[in-house]
Protein chains: 2
Amino acid sequence: MSTIREVAELAGVSQATVSRVMSGEVPVTESTRQRVESAMQALDYAPNAFARSLASNRSQGVGLMISHLGGPFMGRMMVTLEDRLRAYDKSLLVASGRSDPERERETVRFLLARRCDGMLLHADGMGDDELAALAERLPVVILNRLVPRLAEQCVHIDNVAGGYQATRHLIGHGHRAIACITGPLWKQDATQRLMGYRRAMAEAHLAVDSDCVIEGDSTEAGGRRAVDRLEARGVACTAVVAGNDEMAVGAMARLRELGRRIPGDISVIGYDDEAYAHHLTPGLTTIHAPIEEMAEAAAARLLELTYELPWQGPLVFRPWLVERGTVAGRRD
Amino acid sequence: MSTIREVAELAGVSQATVSRVMSGEVPVTESTRQRVESAMQALDYAPNAFARSLASNRSQGVGLMISHLGGPFMGRMMVTLEDRLRAYDKSLLVASGRSDPERERETVRFLLARRCDGMLLHADGMGDDELAALAERLPVVILNRLVPRLAEQCVHIDNVAGGYQATRHLIGHGHRAIACITGPLWKQDATQRLMGYRRAMAEAHLAVDSDCVIEGDSTEAGGRRAVDRLEARGVACTAVVAGNDEMAVGAMARLRELGRRIPGDISVIGYDDEAYAHHLTPGLTTIHAPIEEMAEAAAARLLELTYELPWQGPLVFRPWLVERGTVAGRRD
DNA sequence: CATTGTTATGAAAGCGCTTTCATGCTGGTT
DNA sequence: AACCAGCATGAAAGCGCTTTCATAACAATG
């Protein structure tokens, strides 16, 4: 690997000049620029990223901390994130928080030690305060969550709108007794979806019996258990809105075991529109979020914050309902 | 951020000693070690990764180049990879090749410029030669592919065994006319799965009519088209083995549209055991590969190659058949 | 022609570590 | 008492860049 010194010698200039040619920020006579450039070519020169980072104190890389790398749309999200970042020659350091608050913190420390210039955070477990403190230290954008005092740095999906739409859809089909299986309520998206549900119910002057809302754990098994809980409590609902597709699937499976037909006896609606939702029979009616757009916005916003690459765009995205086959009118 | 110098001053030792304490490779008197360590604590010291990399000429990071970040098990794979690497305090630079050979090459260059110490490659498009050349430059492990002259650095699934098992299973159920819908044949895994199919057929003295094998594109739509091609050619098969679950799902959907019952009229078997396979009705019989184990082995092997962290383990993994509901005995 | 201002360039000082080499200290050996 | 091996430590030289500061070259001005 050749160094800047060799390039400088070959071009007959100083290292400083080579550096200036690379940065492109400083005027350099056309003839010297050319000499330097051909020297770089001739030596197949690639600057040493570490030396550069050490001297300039920026890494040209951003960290991505993901609460759970295996989550539903992390794949889709990362594809876009990586793509946008690389278009500006920034690298992506990925680290997972493994769904554990303490581990999330440690992951952030890890990324910090790597001195990334900015950070993308999909943090479920960390508190607003910690996030705000971190945002003081370096440019940060929060994914899929709204931290009020950091609103300008949060790119997220309007989850209450999603919960609301799902519930409205059911109400529109004549349902009145609607159960809600939520995700873990310590996660913001779960509480927001629940809020959407409550809002829709309230708007339709439908009472929400506390027996009707079950806190699940976002897994298929959790969906099944939730149905059992509902049964045990003797809740007689004609529809259920689930906090995610996994739980919807689990609930449907259990419901069928108990002899209910979907959507004949009971309607079900999911959330996330995972890849498999339309493979189900019947296809799962669910809420779809524009993950790629969100990722794109997040990358752009971070680039703007960190490297002053200008961008103007929305930070909040609305999800929409995808109608398939798990919702039917209430039988009377 | 405090530097090594400050730590050294506070502890009353030289920078060299602090460095030695950190590396842990060199003997240091217990008392000085303690003084240094408490100084580090007091100053909340974290070494500057760039300075370290520059001086030592290793980045403590490995690059992951993935042919297609959005692929079926990339999520599962990355979770494990990241976890194992981080356990040794190595960071993971992720970059996607976007299913394009040229782009894969560029991605490798990108990672190379970032000076990672080693590289994990899930390369579909690059040639064996290129891979071998790269392996000369730095420690490399190839994921999910076998490059003969780099066998010791390839961690992969035995795809011919998978194709074989799928086909055997069908033959065992009395099927004789078995079609095969493959993935793009320029990808090694697709051709290997096809080889497995051919081997099983040959072993059972079953002729493979060239009309029976259709090259698909690994998508659901491709699965549907493949069925149409089969129909158009007038192939009368009682079973089909698909190159992946996506195509299996597409084929099943199209088959149903054409009035066939699964598995009553025709059996179908997939490959990959994607998350949704068991959600289908009936559940998709498919081939399951131990992705996590593979990822674990890959990480371990790379660590061994790059940082001499010893490890001894298998490099090839056998997939297995998961029986669900899409295969039945041949009706006579 | 002397003076000033402008601009491209070079010299050199770091950035914060690692690593080599030299050194001083200990305790065991003769 | 003299000697040496062994070992912990310090001094200092980089690693390959960026950036400040100084300077040479030149054009413009009075």
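No hydrogens, no waters, no symmetry mates; every other heavy atom, side chains included, goes into these values. Predicted model, so just to flag it, every value in this text is computed and none were measured. Chain A is the first sequence line, chain B the second, and so forth, proteins listed ahead of strands; every chain is numbered from 1.
Note on A:Val13: only backbone sugar-phosphate atoms sit closer than 4.0 angstrom, heavy atoms only; bases stay farther off. The residue B:Ser56 sits close only to the backbone: its heavy atoms come under 4.0 Å of sugar-phosphate atoms, none of a base. As judged by a 4.0 angstrom heavy-atom cut-off over every strand, A:Met1 is placed among residues making no nucleic acid contact.
Each end of the helix from C:dC1-D:dG30 to C:dT30-D:dA1 gets its own rotation axis from five pairs of C1' atoms, and the angle between them is 60° to the nearest 10 degrees.
Applying the salt bridge (charged side-chain N to carboxylate O under 4.0 Å, His left out) test to pairs two or more places apart or on separate chains, those with a residue in residues 32-41 of chain A are A:Arg33-A:Glu37.
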N/O donor to acceptor pairs below 3.5 angstrom from side-chain atoms of residues 147-155 of chain B, sequence neighbours left out:
| residue | atom | partner | partner atom | Å |
| --- | --- | --- | --- | --- |
| B:Arg149 | NH1 | B:Asp129 | OD1 | 3.2 |
| B:Arg149 | NH2 | B:Asp129 | OD1 | 2.8 |

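Along DNA chain C, the stretch of nucleotides lying under 4.0 Å from any heavy atom of chain A spans, 5' to 3', C:dA8 to C:dG16.
When each of B:Arg20 and A:Met22 is assigned the nucleotide of DNA chain D with its nearest heavy atom, B:Arg20 is the one assigned upstream, toward the 5' end.
Exactly one residue among A:Val7, A:Val36, A:Val28, A:Val21 makes a side-chain contact (heavy atoms from CB on, under 4.5 Å) with A:Val13. That residue is A:Val36. Across B:Ile291, B:Leu120, B:Ile66, B:Ile157, a single residue satisfies side-chain contact (heavy atoms from CB on, under 4.5 Å) together with B:Leu143, and that is B:Leu120.
Side-chain contact check for B:Lys90 versus B:Leu302: every heavy-atom pair is 4.5 Å or farther apart. The side-chain heavy atoms of B:Met294 and B:Arg76, taken from C-beta on, include no pair separated by under 4.5 Å.
Taking A:Asp117 as the reference, nothing meets the salt bridge (Lys or Arg N to Asp or Glu O under 4.0 Å) condition, with sequence neighbours excluded.
Residue A:His68 holds its NE2 atom at 12.5 Å from CG of A:Asp100, rounded to the nearest 0.5 Å.
Under 3.5 Å, the side chains of A:Arg86 and B:Thr107 contain a donor-acceptor pair of N or O atoms.
Taking every heavy atom of residues 27-51 of chain A and every atom of DNA chain D, pairs under 4.0 Å involve A:Tyr45, A:Pro47, A:Asn48, A:Ala51, by number.
Under a 3.5 Å cut-off, the side chain of A:Glu104 and the backbone N or O of A:Asp124 do form a donor-acceptor pair.
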